[in-house]
*Asks:* 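Right, I'll just put the structure down here and ask away after.
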Amino acid sequence: MVPRSPLRPCGEGDFSFMGDEIFMADKYISQDIEPKWQKLWAESGLYTTRQDPERPKFYFLTMLPYPSGDLHIGHWYAMTPSDAAARYRRMKGYNVFFPIGFDAFGLPAEGAAIKHGIHPYTWTMTNIERMRGQLRSMGAMWAWDHEAITCDPRYYAWTQWFFLKLYEHGLAYRKFAPVDFCPSCNTTLAREQVWGADRHCERCDTPVIKKELEQWFFKITDYADELLRFDDLDWPERIRTMQTNWIGRSEGAEVVFPIDTGDSVSGIGYSVPGIGAQPKSPESSNTQYPIPNTQHPIPNTQYPISNTAAITVFTTRPDTLWGATFMVLAPEHPLVEQLTTEQNRAAVDAYKLQADRQTEIERTAADKEKTGVFIGAYAINPVNGQRIPIWIADYVMVTYGTGAIMAVPAHDERDFAFALKFGLPIIPVIERPDDLARSAVWDGSVAGDFGAASTAAGFTWEWLAIPDRGRFYAVTLHGDDQVTAYVELLQAHLKAGHWADVVGRGWQVVFHDGPLALDSAAADAAIMARCHAGYDYVRQFATTMGMWWAVEWYRDVLYHAEYGTMIHSDAFSGMPGDVAKAQVTRWLAEQGVGKFAISYRLRDWLISRQRYWGAPIPMIYCPACGTVPAPYEDLPVLLPEDAEIPATGENALKFHAGFLNVKCPQCGGDAQRETDTMDTFMCSSWYHYAYVTPYWKAGQKLSPDETPWEPEAGNYWLPVDQYTGGPEHATMHLLYTRFFTKALRDMGVVSFGEPMLRLFNQGIILGPDGNRMSKSKGNVVAPDEWVERYGADTMRAYLMFIGPWDAGGPWNSQGIEGVRRFLERVWNVVVEVRGQESGVGSQGAEVEAQTRALRHMTHKTLRKVTEDIEAFKFNTLLAASMEFDNYLVKAKETAVYGTPAWDEALDMLLLMLAPETPHIAEELWQRRHGRGQFDPATSIHVQPWPVWDPELAKAETVTLVVQINGKVRDKIEATADISEAEARELALASPIIQRWLEGKTVRKVIFAGGKLLNFVVG
RNA sequence: GCCGAAGUGGCGGAAUGGCAGACGCGCCAGGUUCAGGACCUGGUGAGGGUUAACCUCGUGUGGGUUCAACUCCCACCUUCGGCACCA
């Protein structure tokens, strides 16, 4: 993989830490200086954490690694720019806390136990030891003195303490529920850990299955609204959006649909006379939109309902209630059993079984044909008394809303498809916002020259045809007036026994003896009765919409989901779309048939895992007392070290008598421990608190009233000022840890509500093949060989240089040589003594100009580098540093060499590079300023970040761009503060510009920012 | 299907209304070298041109705004990420 190094000279000796001998060869040998400085920094206590109330603190945190055994290139990509930014903050005068630890619980350790017979603890600790070494090779300023490992009993004692606190505060509960289960990992998963359309396990890609289990949940949904607020957070828009979508807040209404027993109402879905099918009253569609009075018929008091059962639905569109022509329950809905009639039971049971057997994948396949069965029961639409059939269908999810919907096929795409397939009535109740209507008039159904008459009346039409059915006048209309005029014209031409439709605005079927509006299920039935009588062909259609659907030209006007003026909705007809939803909701509440409601997509966090290698849930089940929490003073509930990990992949704790059997803390009787352990996201929800004082109160008895860290240290360091990590945790770790902190705030443990104030998401480094790196794909890039060959500084700088940090992308080693060469040049420009022959002969004025130019370059670069590191733009930071270095290489041959300006330039170059390439910067800094023995006070990493001089950073001269009509024609050197008049004069003096202006009239001259002049000529 | 991000030389990328391609890789030529590597110098978007000056075109596609558009607006295409029958 790594080519043999031509850079590494052979036979370089050991270095010594003694006296003046800390500086070795005059060549840049990263393999020598990097371990040397890592050792000297560690030994001298340069990175020892100190609480210093005199200095402003800065808690800089990067997501903790899982100890898989090997650091990969992704860790370097995520961590070394973080380190650079942390180092920069430190040079800016902050007391920076940059801790590290390990997310050490989790399934791979058990896999190793089964495969290699190693105990998970041993495997984990061995990996951690190896990874510590790899992490050290980064040369990062880790606060190793605050390391925390989540599988340490001193750590998970507190994880369990948090569980008990959440339980006490009613935020942890146990529930029997169908949950996602990974058959490969042998454990349940939280919803967030199930990915993709095929619903696979986030860790091992195995499709999950459903299992009914008794499981522990955290009530994250209690904080749903608060989690949607990001007011105090400087977080990327992308993450905020992902969390917002994940929480999925929808506002709407809950509406109660009483069940109808059918005694006094006959027929399917047809209205009670006088209700629903009433003609539009002119008064109600006028400018006034009063809330309909309470005299409006309320069906559950007006209609005989012998059964008090009712179905509650959640809808985001209460304004479409009048168009609800059927209901759909999820097959798992508890009322299905009770409501299904005897005649329908066999079909319903078969459907339920079939839905149950289907995998989640099949059931949620996006383009799946709608299926469902009628259960034989009816409900009453509470707003108009319509009797509507109840179906079950798997497109309704039992987990969302109330598990039941009112189906409004005219304004919901799924309901539309379902109604069309099963011949259920589709009644539009929201006007088309575009006022568009279409009418197909079959050739031969009208007398006289209908086309000419239409044209004369101002209607646009064309001939369209359907094979086997002939051609038709395709008339397009806009607005009520056109529709009214058109209906009149149409009726005058229609032959007896024929009809034509108006679809879209003004829905109706016009018969030769008059129109019938499609404004109710009764009207739908009446229309179809006439049509069925008219043509055999039409008998295949059960509903008017079904008949219209057969004309393809109609299809895009038949259904819409937009808000708009309500129609066919009794007294609400005419209610404008922008207020309809709120008004109907208010009215429903007044009538006592509904209420404003919010529904969330977010589910409670399932934390039970049927695994050995996790923090045991500190709960005890007593036959006498029930569920009893383990007493605080007994924490930690230890994982038994002698547990045998079964080869079946089952939880070892279930088979460990010593762990399982316990005395009930309440009654002292025989009881059993909970054997499930906690989701590892529980451990990582509070690790940033653990770092403050790792393993606080280790070995002491815990109580509910303490703080899990030393309070004074917590007050000083918390919360996290800057967090960096991958965006893949948006809806998992980042949501959980916010919930956790809010819960802690409400318990009085912390005084703030957000754990991390600023967040930056770096991109993900993919394998060279463009795929996510994974052992199974064999595309994992190990950093160690590259570090050995080029050095940590080169590796750090290269990863920062390849592109914007938040972009990520496939690993590509092409270009790493360039970064190494850059560091070589930095080394040489500082270390190599210039020969005497260069730079001689410069005159005084020339030297002065060169000095000014050098200082300008120095301060300009410093400004750019400072701005870039603040914004994590490491790629352009390094490009600017390279330019600066290239400049210095040339300047070295001039008279500025050895002047104070030259020394300033070299020092600034090193200070600018200190965060990114800490070793070479320190080596060269010490060579320039060190005192032989390393004194941490002289370290470049504790030097103040330099300040640029704005006067020097400002350019003295600019290249004045001269354009003719926006095209660059000439460039002229000019002073930076050139006035417009001077610039014009200069430009007009240019022969090129003169040539371009010859014979043309200058209409306008634009002078921009003192650097561009544009002549607009005509 | 919905939401979001992105599309620029052979490659990674820079420029967020004002010189398109900074910086780096690669490539070409030259220097150095016994030679190769390394290193140093110069060149390197496409087309035209007396291979000179210079001109034309060029940032996914098509329109638009502007003196001026990679940048802003509209429509579309492609890729990636997230969600996905969420009522």
Side-chain angles (χ1 to χ4, degrees), chain A residues 6-7 195-197 236-246 248-250 252 313-317 320 328 330 363-368 370 393-397 399-408 411-415 417-418 561 599-602 727-728 730-731 763-764 766 770 797-798 801-804 806-810 812-819 821-822 824-825 828 873 875-886 889 958-971 992 995 1003-1018:
Chain A
L7 294 170
W195 285 11
E237 181 73 41
R238 174 144 134 266
I239 299 294
R240 301 204 310 256
T241 308
M242 279 168 78
Q243 292 201 345
T244 303
N245 292 342
W246 188 261
R249 184 183 201 272
S250 302
V313 302
F314 173 75
T315 176
T316 54
R317 295 296 303 272
T320 65
V328 186
R363 188 167 159 172
T364 56
D367 49 359
K368 189 183 159 240
K370 295 272 178 297
D394 61 9
Y395 80 90
V396 175
M397 305 290 131
T399 48
Y400 183 79
T402 61
I405 62 159
M406 63 173 202
V408 183
H411 305 291
D412 180 282
E413 201 179 359
R414 295 148 299 169
D415 297 345
F418 192 86
S599 195
Y600 300 92
R601 219 183 65 99
L602 182 72
E728 68 273 20
T731 57
I764 299 167
L766 305 170
Y798 179 59
F801 182 64
I802 49 175
D806 52 0
N812 180 353
S813 62
Q814 163 188 132
I816 192 168
E817 297 270 2
V819 173
R821 283 201 280 263
F822 159 60
E824 302 263 3
R825 283 198 302 275
N828 291 337
K873 287 162 74 175
N875 56 332
T876 49
L877 180 161
L878 282 162
S881 306
M882 287 173 180
E883 264 180 284
F884 183 38
D885 183 55
N886 291 343
V889 168
V958 290
T959 306
L960 181 72
V961 175
V962 187
Q963 298 182 333
I964 309 291
N965 284 345
K967 292 200 173 177
V968 180
R969 295 305 177 190
D970 201 7
K971 296 170 189 179
I992 301 169
R995 213 181 67 228
R1003 302 201 185 281
K1004 201 169 164 187
V1005 181
I1006 311 262
F1007 183 64
K1011 54 187 172 176
L1012 180 137
L1013 198 66
N1014 186 14
F1015 290 94
V1016 185
V1017 301

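Chain letters run A, B, ... following the sequence lines, proteins first, then strands; residues in each count from 1. What you see below is based on every heavy atom in this structure, not just the backbone, and it leaves out hydrogens, waters and symmetry mates.
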*Asks:* Reading nucleotides 63-72 of chain B 5' to 3', which nucleotides get B (base under 4.0 Å from a protein heavy atom), which S (sugar-phosphate only), which -?
*Replies:* ----BS----
*Asks:* Could you spell out the base pairing of RNA chain B as a dot-bracket line? Use Watson-Crick and G-U wobble contacts where both distances are under 3.5 Å, [ ] for crossing pairs, | for partners on a different strand.
*Replies:* (((((((..(((.....[....)))((((((.......))))))((((.....))))..(((((..]....))))))))))))....
*Asks:* With A:S250, which residues qualify under side chain to side chain donor-acceptor pair (under 3.5 Å), at least two apart?
*Replies:*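 Residues passing side chain to side chain donor-acceptor pair (under 3.5 Å) with A:S250: A:Y400.
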*Asks:* For A:T876, which residues count as a side chain to side chain donor-acceptor pair (under 3.5 Å) partner, sequence neighbours excluded?
*Replies:*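 Per chain and number, A:T876 pairs via side chain to side chain donor-acceptor pair (under 3.5 Å) with A:D868.
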*Asks:* Which residues satisfy the side-chain contact (heavy atoms from CB on, under 4.5 Å) test with A:A797, sequence neighbours excluded?
*Replies:*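 Scan of A:A797 (side-chain contact (heavy atoms from CB on, under 4.5 Å), adjacent residues dropped) gives A:V819, A:L878, A:T917.
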*Asks:* Using a cut-off of 4.0 Å between protein heavy atoms and nucleotide atoms, how would you tag nucleotides 4-16 of chain B 5' to 3' with B, S and -?
*Replies:* -------BBSSS-
*Asks:* For A:R317, enumerate each residue passing the salt bridge (charged side-chain N to carboxylate O under 4.0 Å, His left out) test, keeping only those at least two apart in sequence or located in another chain.
*Replies:*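 Partners of A:R317 under the salt bridge (charged side-chain N to carboxylate O under 4.0 Å, His left out) test: A:D319.
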*Asks:* Give the table of side-chain donor-acceptor pairs shorter than 3.5 Å for residues 1008-1018 of chain A, with sequence neighbours excluded, one pair per line with atom names and distance.
*Replies:*
unit_1, atom_1, unit_2, atom_2, d
A:N1014, OD1, A:N965, N, 3.3
A:N1014, OD1, A:G966, N, 3.0

*Asks:* Can you list everything that forms a side chain to side chain donor-acceptor pair (under 3.5 Å) with A:R240? Sequence neighbours excluded, please.
*Replies:*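 Residues passing side chain to side chain donor-acceptor pair (under 3.5 Å) with A:R240: A:E237.
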*Asks:* List in chain and number order the residues that pass side chain to side chain donor-acceptor pair (under 3.5 Å) with A:N886, two or more places apart in sequence or in another chain; answer none if no residue qualifies.
*Replies:*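 A:N886 satisfies side chain to side chain donor-acceptor pair (under 3.5 Å) with A:R825 only.
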*Asks:* Considering residues at least two apart in sequence or located in another chain, which fulfil the side-chain contact (heavy atoms from CB on, under 4.5 Å) criterion with A:D970?
*Replies:*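 For A:D970, the residues satisfying side-chain contact (heavy atoms from CB on, under 4.5 Å) (neighbours in sequence not counted) are A:V962, A:I972, A:S990, A:I992, A:I993.
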*Asks:* Please enumerate all residues that pass salt bridge (charged side-chain N to carboxylate O under 4.0 Å, His left out) together with A:D415, with sequence neighbours excluded.
*Replies:*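 A:D415 satisfies salt bridge (charged side-chain N to carboxylate O under 4.0 Å, His left out) with no other residue.
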